[in-house]
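Notes follow the structure.
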Amino acid sequence: MDYDVIVVGGGPGGAMAARTCAEKGLKVLLLEKEQLPRYKACGGAVSWKALQITGPIDEVRPQYTCYGATIHSPTMRQSSHKIKEPVSILVFRSSFDHFLLKQAQHKGAIINSGEKVISVNINDEQVQVVTAKGEYTAKIIIGADGVNSTVAKETGLRTKWEPEGYGICIETEIELSPGDARKCVLDTELIEAYFLKSRGYGWVFPKGNIMSIGIGMWKPITVKPAEAFDDFISFLSRERGIDLAAHLTKKFIHRVPVGGMNRKTYGEKVLLVGDAAGFVDPFLGEGIYYAVASGVAAGEVAAEAIRNGTDLSSYRKKCDVLFNNDLRMAFKFGKYFHDHIEKIFYLFDKDPELFRMYVLTGKGVYGYREYIKRSFLRTPVTLLRILGSMMKTTKE
């Protein structure tokens, strides 16, 4: 069957790409290998800036609304800040993703679930897609099929990730009694994160009586991720007075691409979005915003190409302006942060405005470039406070 666009992958990026294509009047097919709604291992924090793109998600009941964050350094220095407006919401990805897919379907996209793509072939005339159930053709294919993207491999845009181009994430969901759930959550209105001695952090995201707990580690990884995860579970168990390991039934291990690196994200008749393109915050590992933003961009570029006979090169420029230039700055920021983590927490303590501005960066009010610029402008204030503190300590 012939289509204008075939989208592979039913996550937020694929759903938004399909929705955008359908809104532009294109005949679009989305292929998702799992049956819907499908489970997705994920912390499920959807940022304010992502919601500005998706629009209202009224059918998706947020488990919690977060207004800030509490973060800890490896030596347990703590920084915390809460603002008046929501920064993010915590959702189950199964319901969030399914809602976005139903929106795409409502706009006219055809959604085929339980249909895995086996091969992709691009010739001068069209794109040919073979699945376990049939064959389809289209003018353009959009790969939104995650870090192990079949579309990227089949089209030659990427055969493998760079040695340091991805990190490792291990996560689980633990169901607790109502009493233990209350003990496990320090503040339901704050994101809670613990930075690790190696380059990465652990998190606790509450969703009712279910705790989403995990760690993410960027390469080079100096410790075994599985051991780091077990250590984090043990640490939380001691801190909360709950044997979390006893409630752990299953854990999920997967790769997360490092954003901010120069990669091929488009080719002849093909576009990559979200994790498939490597669009992930290289500091925090957040990917939902970049998935929905790149999904919309891919849909717009595909529609323009089909209607006006243009190539797909504008996709790179569009993504650079929207977020990719900022991801490159985030890559530098993340490396500097982890190299000087205790000093930065000391600065947060002496000048809380630095951390408040970062909370606003996570919300999407600032990009990393703007955050760094504003931080540098405050450096004289911060240095004076540190100097004053040192002089006071010396006198004592």
Side-chain angles (χ1 to χ4, degrees), residues 5-24 26 28 30-32 40 42 45-55 93 96-97 100-101 103-104 107 109 140-152 155 157-158 161 165-166 255-267 269-305 311-331 364 367-368:
V5 177
I6 292 176
V7 179
V8 181
M16 293 303 294
R19 187 177 101 177
T20 303
C21 288
E23 287 173 338
K24 299 291 184 181
L26 302 182
V28 55
L30 184 145
L31 300 168
E32 164 57 43
K40 173 68 175 179
C42 179
V46 183
S47 65
W48 174 85
K49 59 183 177 181
L51 294 172
Q52 302 312 294
I53 299 174
T54 65
R93 281 288 303 276
F96 177 71
D97 293 10
L100 294 183
L101 284 170
Q103 280 196 322
K107 295 294 183 179
I140 292 173
I141 186 169
I142 297 176
D145 46 344
V147 65
N148 300 314
S149 172
T150 297
V151 173
T155 59
L157 285 184
R158 184 186 64 253
W161 292 104
Y166 66 92
R255 294 188 294 180
V256 180
V258 176
M261 304 180 78
N262 291 321
R263 299 186 176 103
K264 292 181 179 179
T265 57
Y266 74 95
K269 300 181 178 65
V270 58
L271 299 162
L272 299 179
V273 306
D275 282 17
F279 294 148
V280 174
D281 184 323
F283 176 52
L284 293 179
E286 197 269 326
I288 294 176
Y289 162 71
Y290 304 101
V292 299
S294 61
V296 171
E300 292 173 343
V301 170
E304 177 72 17
D311 63 23
L312 302 178
S313 61
S314 62
Y315 179 63
R316 179 183 176 90
K317 299 172 186 175
K318 187 182 284 282
C319 289
D320 281 349
V321 172
L322 284 173
F323 55 79
N324 212 25
N325 287 333
D326 204 55
L327 283 179
R328 295 185 183 103
M329 184 60 67
F331 182 84
Y368 278 93

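This structure is a prediction, so every number in the text was calculated from the model and none was measured.
- Side-chain contact between Ser47 and Ile288 is absent, with no heavy-atom pair separated by less than 4.5 Å.
- Residues Ala298 and Leu271 share a closest heavy-atom pair of O-CD1, 3.5 Å.
- Nearest heavy atoms, Cys21 versus Gly299: SG-CA, 3.7 Å.
- Side chain of Asp320 to main chain of Asn325: no donor-acceptor pair is present (N/O by atom type, distance under 3.5 Å, no hydrogens or angles).
- The stretch residues 276-297 participates, sequence neighbours left out, in these side chain to side chain donor-acceptor pair (under 3.5 Å) pairs: Asp281-Tyr368.
- You'll find the side chain of Leu26 stays beyond 4.5 Å of the side chain of Ile140, heavy atoms only.
- Using a 4.5 Å cut-off on side-chain heavy atoms (C-beta onward), Lys264 and Leu272 make no contact.
- Residues Val46 and Pro12 form no side-chain contact, since every pair of their non-hydrogen atoms from C-beta on lies 4.5 Å or further apart.
- Applying the salt bridge (charged side-chain N to carboxylate O under 4.0 Å, His left out) rule to Glu23 yields the partners Arg19, Lys107; only residues at least two apart in sequence or on another chain are considered.
- In this structure a side-chain-to-backbone donor-acceptor pair under 3.5 Å is missing from Asn324 to Arg316.
- Using a 4.5 Å heavy-atom cutoff, the side chains of Tyr266 and Val301 are not in contact.
- Atom CZ of Arg263 sits about 7.5 Å away from atom CZ of Arg158, to the nearest 0.5 Å.
- Smallest separation of non-hydrogen atoms from Val280 and Pro257: CB-O, 3.4 Å.
- Trp161 places a side-chain N or O within 3.5 Å of a backbone atom of Val147 that can act as its donor or acceptor partner.
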Carefully, step by step, assess Ile53 and Val296 under the rule side chain to side chain contact (heavy atoms under 4.5 Å, CB included).
CA-CA 8 Å; Ile53 299 174; Val296 171; 3.8 Å; yes
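- A distance of 4.5 Å separates CZ of Phe279 from OG1 of Thr265, quoted to the nearest 0.5 Å.
- Of all heavy-atom pairs spanning Leu312 and Gly267, the tightest one is CD1-O, 3.5 Å.
- In terms of modelled atom types and a separation under 3.5 Å, the side chain of Ser149 and the main chain of Asp145 share no donor-acceptor contact.
- Counting heavy atoms from C-beta outward, Leu30 and Leu101 have side chains that approach closer than 4.5 Å.
- When all heavy atoms are compared, the tightest approach of Gly367 to Asp326 is CA-OD2, 3.4 Å.
- Between the side chains of Arg255 and Asn148, at least one donor N or O sits under 3.5 Å from an acceptor N or O.
- Minimum heavy-atom separation, Ala15 to Leu100: CB-CB, 3.6 Å.
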